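Order of the sequence lines fixes the chain letters, A, B, ..., with proteins taken first and strands second; residue numbering starts at 1 for each chain. Owing to the predicted nature of the structure, the values given are computational and were not obtained by experimental measurement.
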4 protein chains.
Amino acid sequence: MKRNKPKYKQIIDAAVIVIAENGYHNAQVSKIAKQAGVADGTIYLYFKNKEDVLISLFQEKMGQFVEKIEEEIAGKQRASEKLYMLVEKHFALLAEDHHLAKVTQLELRQSNKDLRLKINEVLKGYLQVVESILQTGIETNEFHKDLDVRLAKQMIFGTIDETVTTWVMNDHRYNLIELSPKVHHLLIHGCGGSQPS
Amino acid sequence: MKRNKPKYKQIIDAAVIVIAENGYHNAQVSKIAKQAGVADGTIYLYFKNKEDVLISLFQEKMGQFVEKIEEEIAGKQRASEKLYMLVEKHFALLAEDHHLAKVTQLELRQSNKDLRLKINEVLKGYLQVVESILQTGIETNEFHKDLDVRLAKQMIFGTIDETVTTWVMNDHRYNLIELSPKVHHLLIHGCGGSQPS
Amino acid sequence: MKRNKPKYKQIIDAAVIVIAENGYHNAQVSKIAKQAGVADGTIYLYFKNKEDVLISLFQEKMGQFVEKIEEEIAGKQRASEKLYMLVEKHFALLAEDHHLAKVTQLELRQSNKDLRLKINEVLKGYLQVVESILQTGIETNEFHKDLDVRLAKQMIFGTIDETVTTWVMNDHRYNLIELSPKVHHLLIHGCGGSQPS
Amino acid sequence: MKRNKPKYKQIIDAAVIVIAENGYHNAQVSKIAKQAGVADGTIYLYFKNKEDVLISLFQEKMGQFVEKIEEEIAGKQRASEKLYMLVEKHFALLAEDHHLAKVTQLELRQSNKDLRLKINEVLKGYLQVVESILQTGIETNEFHKDLDVRLAKQMIFGTIDETVTTWVMNDHRYNLIELSPKVHHLLIHGCGGSQPS
DNA sequence: AATGAATGAGGGTTCATTCAT
DNA sequence: GATGAATGAACCCTCATTCAT
């Protein structure tokens with residue numbers, strides 16, 4: 001299995017760095033190879049083509065992402081707590097790897113639609129985690145029983161994603177993780193939820 | 001002012017159509033020119049370069065977008081109502097122009113980071129509308145007085161945007177406008193906001 | 001019609017020279033462009049791709065070839081005379097353009113099979129001329145009435161072609177045209193045809 | 001001597017199959033190695049480089065070719081009979097090995113000029129057989145005493161070669177061997193040789 | 001103002017060959 | 001002898017932009 005060979009990960013890590021530092025459209029295969037310390041052709045021993053490097057990058061990184069978040073929320077009982085851990089861990093994982101944050105939030109979105117559709121496939125794993133939290137919350141009566149799960153998923157993902165993107169666009173100038181409580185509160189209560197109507 | 005000459009708008013409308021039908025990476029200047037019924041070189045009489053066409057496209061369309069939304073919410077007193085109109089109008093404007101929806105949600109995001117930064121500039125106008133709604137809500141006590149306006153803005157925009165993108169990705173298969181009440185409810189009350197705590 | 005524009009012919013003539021001097025596999029598009037005095041991209045305004053340049057080269061040159069031979073044989077009555085003119089003109093046309101001779105006899109045959117099949121299409125025009133000579137000869141009783149026209153065609157073309165190829169392989173060291181009478185005699189009488197059996 | 005080791009022939013036979021089935025330009029060294037059941041590097045223990053494989057292929061196969069034809073014609077007295085056997089055996093040997101026919105008539109001609117010059121060297125053995133037949137014929141008065149042997153050789157080889165190539169190009173759709181008498185007749189008598197002049 | 005023919009820089013990918021094991 | 005992972009040079013084509021008319 002190529003995924004377990006050292007060069008496979010070497011190349012993916014090199015791709016993250018090169019894309020973060022040069023931008024998606026200036027991340028030539030030859031640059032990635034150089035950064036990885038291999039010959040250009042070697043990349044094609046591990047990946048079908050350049051697109052495959054990018055998809056694999058996303059799968060690899062997002063896979064770990066989902067795993068780590070799942071570990072984190074497994075220990076929590078309440079949906080609200082689970083959601084909190086999701087937000088915090090999501091922020092933490094990207095805050096600790098600025099290169100990766102830039103690549104996933106800005107650069108990889110410049111890819112063509114086909115690649116983006118494949119990326120969306122990968123995102124489904126993440127969205128399933130969100131969905132299971134929502135289901136839990138409904139079962140425990142933390143959340144409305146007629147909450148529209150699909151839309152709530154979109155709100156949660158859209159909010160987290162937009163928050164991270166804004167943070168990256170501002171060159172990581174502020175502490176992302178510290179935003180977790182407020183973001184969590186917004187997701188649970190909305191803009192005016194705790195107000196008497 | 002070139003913006004008022006007929007060919008200026010002709011070219012922008014042609015760009016929307018060409019990008020929607022061919023995708024960002026297959027929207028060559030020559031195709032746009034042909035669709036607009038002008039010569040390739042003519043485009044450079046009205047725009048500095050291709051990027052300028054895209055930025056102008058976004059400015060022009062988003063400008064109208066903001067104007068229309070502002071008209072819509074001007075008549076409303078309560079922030080909650082204003083927010084509802086924002087969501088509904090946002091959805092309505094994109095639902096009535098599938099080409100434009102595809103272009104803004106999918107295709108234009110494939111542009112390079114510089115272009116995206118400029119697009120973000122344009123988005124500021126939109127975000128200011130959101131901000132003024134939030135300010136109104138805080139003043140009228142509809143929203144928490146210590147609501148984090150910046151984050152709430154990101155939630156609102158992130159949620160709306162993600163909802164539209166998902167709709168476009170699903171080939172406009174369902175009715176976007178009908179989602180307005182639920183999305184509005186989520187934004188105001190969050191996932192669990194109306195539950196007793 | 002692109003075929004009549006000066007650059008069309010310029011590029012084809014440049015291709016003949018570049019291929020003759022560098023060989024098929026060292027005839028890069030950029031070299032052809034340079035020789036033609038145009039930019040690389042200009043070639044793609046007149047030809048679909050590199051293969052199209054080569055096919056067009058063959059069509060153009062072979063087309064003239066067939067035309068000139070047809071003119072030449074039109075004035076002759078007897079099939080034998082026609083055949084003589086075919087051989088002599090074929091030899092003469094290639095003898096007067098060593099570059100073209102090298103390209104058609106050696107270099108263009110290195111192309112891939114698809115290109116070669118298309119070249120064969122072009123050759124059909126030539127073979128039809130040969131066939132009409134043979135038909136004439138059969139009608140006038142110069143040739144056997146049960147001569148196998150298809151095979152005779154292959155003999156005539158194969159012999160002429162092999163003779164020219166050998167001449168090119170020997171770096172045009174001897175006079176090709178002077179071989180015409182002997183080759184003609186061989187084609188009419190064979191190795192032992194004029195001998196009593 | 002490497003020529004006698006089993007892998008030497010294994011590799012050559014693998015090359016014939018791979019070239020016939022994939023075409024010259026898709027016959028990578030790695031494919032040949034795989035077909036031969038050896039590692040890529042092993043090929044370089046038996047051959048200097050890829051070109052050497054092809055030349056050796058031609059030498060090996062054409063060597064057998066010439067041997068078999070020589071055996072065949074040794075028993076014949078008359079030049080005409082010898083020529084008949086040459087044609088028939090040539091056709092027969094290629095008709096019984098479609099792969100080899102495709103490789104020698106179509107694929108190997110796509111090689112570069114240097115390789116083709118070396119192939120021509122190999123062909124000299126064949127041409128010497130033809131020449132000896134012609135000399136015999138002249139001595140026995142079957143053929144004209146002032147027959148141009150060099151040109152006659154080219155006619156004979158050119159005609160046979162063109163006939164086989166046409167047959168291969170037509171996907172071996174008809175019986176090649178049955179053409180022997182007619183081809184032989186053409187070579188001896190030409191198109192009109194048996195007619196009174 | 002409008003045209004559109006011409007420009008030319010730039011990069012993903014293949015594959016013959018090597019060499020450490 | 002045999003292996004096969006690694007190498008890295010080489011090239012066709014696209015398309016944003018220009019400028020003579």
Contacts of type ring pair (Phe, Tyr, Trp, His ring centres under 6.0 Å), residue Phe58(A), not counting sequence neighbours: none
Contacting residues from residues 45-59 of chain C, given that a heavy atom lies under 4.0 angstrom of DNA chain E: Leu45(C), Tyr46(C)
All salt bridge (charged side-chain N to carboxylate O under 4.0 Å, His left out) counterparts of Glu21(D), not counting sequence neighbours: none
Residue met sooner reading DNA chain E from 5', once Gly41(B) and Ser30(A) are mapped to nucleotides: Gly41(B)
Residues which pass salt bridge (charged side-chain N to carboxylate O under 4.0 Å, His left out) with Glu121(B), listed by chain and number, not counting sequence neighbours: Lys124(B)
Euclidean distance, atom CD1 of residue Ile43(A) to atom P of dT14(E) [Å, nearest integer]: 13 Å
Sugar-phosphate only, base, or nothing, as touched by Lys31(D) at under 4.0 Å among non-hydrogen atoms: nothing
Contact summary for Val16(C) and Val103(C), nearest pair of heavy atoms: O-CG2, 3.4 Å
side-chain contact (heavy atoms from CB on, under 4.5 Å) against Leu45(B), all qualifying residues, sequence neighbours excluded: Thr42(B)
Sequence-distant partners of Val29(C), side-chain contact (heavy atoms from CB on, under 4.5 Å), two or more places apart: Ile43(C), Tyr44(C), Lys50(C)
Rounded interatomic separation in angstrom, taking OH from Tyr44(B) and P from dT7(E): 17 Å
Val168(C): side-chain contact (heavy atoms from CB on, under 4.5 Å) partners, not counting sequence neighbours: Ala101(C), Lys102(C), Gln105(C), Leu106(C), Val164(C), His172(C)
Whichever of Thr42(C) and Asp40(A) has its nearest DNA chain E nucleotide further upstream toward 5': Thr42(C)
Smallest separation among heavy atoms of Gly23(C) and Glu107(C), with atom names: CA-OE1, 3.4 Å
Touch class at under 4.0 angstrom, heavy-atom based, for Lys34(A) against every strand present: nothing
Nearest-angstrom distance from the residue atom CD1 of Ile32(A) to P of dT13(E): 11 Å
DNA chain F: 5'-proximal contact among Asn26(B) and Asn26(C) (nearest heavy atom): Asn26(C)
Salt bridge (charged side-chain N to carboxylate O under 4.0 Å, His left out) partners for Lys7(A), two or more places apart: none
Sugar-phosphate only, base, or nothing, as touched by Val29(B) at under 4.0 Å among non-hydrogen atoms: base
In a table with atom names and distances, give each donor-acceptor pair under 3.5 Å that connects a side chain of residues 30-40 of chain C to protein atoms at least two apart or in another chain.
residue: Lys31(C); atom: NZ; partner: Asn26(C); partner atom: O; Å: 2.9
residue: Lys31(C); atom: NZ; partner: Gln28(C); partner atom: OE1; Å: 3.2

Asp52(B): partners by side-chain contact (heavy atoms from CB on, under 4.5 Å), with sequence neighbours left out: Phe47(B), Lys48(B), Asn49(B), Ser56(B)
Span of DNA chain F in contact with chain B (heavy atoms, under 4.0 Å): dC15(F) to dT18(F)
For DNA chain E, stems built from three or more consecutive Watson-Crick or G-U wobble pairs below 3.5 Å: E:2-21 with F:2-21
